[in-house]
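These notes are about the structure you will find just below.
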Amino acid sequence: AHRLLAERVPLGTIAERLWMSGRERELDGLLKRVSARAIRRYLAALADLDSQAKQGLRSIEHGVELLLVRLAMPAA
């Protein structure tokens with residue numbers, strides 16, 4: 001989404017691609033609040049959590065809670 005925005009793709013088009021039609025304001029806020037780098041880190045953490053939960057090393061519920069707490073924290 002960040003790359004598309006930098007390429008001057010209209011926000012409405014980006015929202016449609018992300019299944020966020022009608023939520024352009026929300027998407028705009030997210031893109032301003034969360035950097036592309038941070039999104040990549042969150043997705044990597046989610047993939048790690050999924051792998052650990054499937055191996056029985058971690059509770060998926062607890063891991064998702066921690067990830068959501070990280071997402072909710074203001075950027076430093």
Side-chain angles (χ1 to χ4, degrees):
H2 286 92
R3 182 182 49 78
L4 293 173
L5 198 59
E7 292 173 3
R8 300 186 186 270
V9 174
L11 191 59
T13 302
I14 298 170
E16 286 176 16
R17 291 182 186 183
L18 298 175
W19 302 332
M20 292 186 73
S21 294
R23 297 170 54 199
E24 287 82 2
R25 273 173 110 189
E26 183 181 351
L27 176 59
D28 186 47
L30 284 169
L31 291 173
K32 289 176 180 171
R33 187 175 75 96
V34 184
S35 70
R37 185 177 184 193
I39 291 171
R40 283 191 295 274
R41 282 196 324 264
Y42 295 137
L43 289 174
L46 188 58
D48 288 344
L49 170 60
D50 180 60
S51 177
Q52 292 169 0
K54 287 177 179 173
Q55 295 174 31
L57 302 174
R58 189 171 193 183
S59 158
I60 192 76
E61 293 84 2
H62 182 69
V64 168
E65 287 175 357
L66 290 175
L67 187 60
L68 290 173
V69 166
R70 278 196 260 166
L71 278 167
M73 293 174 60

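Note that this is a predicted model, so its numbers are computed, not measured.
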Legend entry - Donor-acceptor contact below 3.5 Å, side chain Glu7 vs main chain Leu5: no
Inset, instruction - Can you measure from CH2 (Trp19) to CG (Leu27) and round to the nearest 0.5 angstrom? - result: 14.5 Å
Legend entry - Within 6.0 angstrom of His62 NE2, more than 12 heavy atoms from elsewhere: no
Inset, instruction - Examine Leu57 and Ile60 and state if one hydrophobic cluster contains both, with Ile, Leu, Val, Met, Phe, Trp and Tyr joined whenever side-chain heavy atoms are less than 4.5 Å apart. - result: no
Legend entry - Co-membership, hydrophobic cluster, residues Leu18 and Leu46, 4.5 Å side-chain: no
Inset, instruction - Calculate, to the nearest 0.5 Å, the distance between atoms CG and CZ belonging to Leu11 and Arg25 respectively. - result: 12.0 Å
Legend entry - Contact summary for Ser35 and His2, nearest pair of heavy atoms: C-CE1, 3.7 Å
Legend entry - Rounded distance [0.5 Å steps], CD1 in Ile39 versus CG in Leu31: 6.5 Å
Inset, instruction - Kindly give the heavy-atom pair with the smallest separation between Leu66 and Arg58, and that separation in Å. - result: CD1-NH2, 3.5 Å
Inset, instruction - Identify the heavy atoms of Ser59 and Leu49 that sit nearest to each other, and give their distance. - result: O-CD1, 4.1 Å
Legend entry - From CE (Met20) to CD1 (Ile14), nearest 0.5 Å: 11.0 Å
Legend entry - Between CD on residue Glu65 and CG on residue Leu67, distance to nearest 0.5 Å: 11.0 Å
Legend entry - Asp48 side, atom CG; Leu43 side, atom CG - distance, nearest 0.5 Å: 11.0 Å
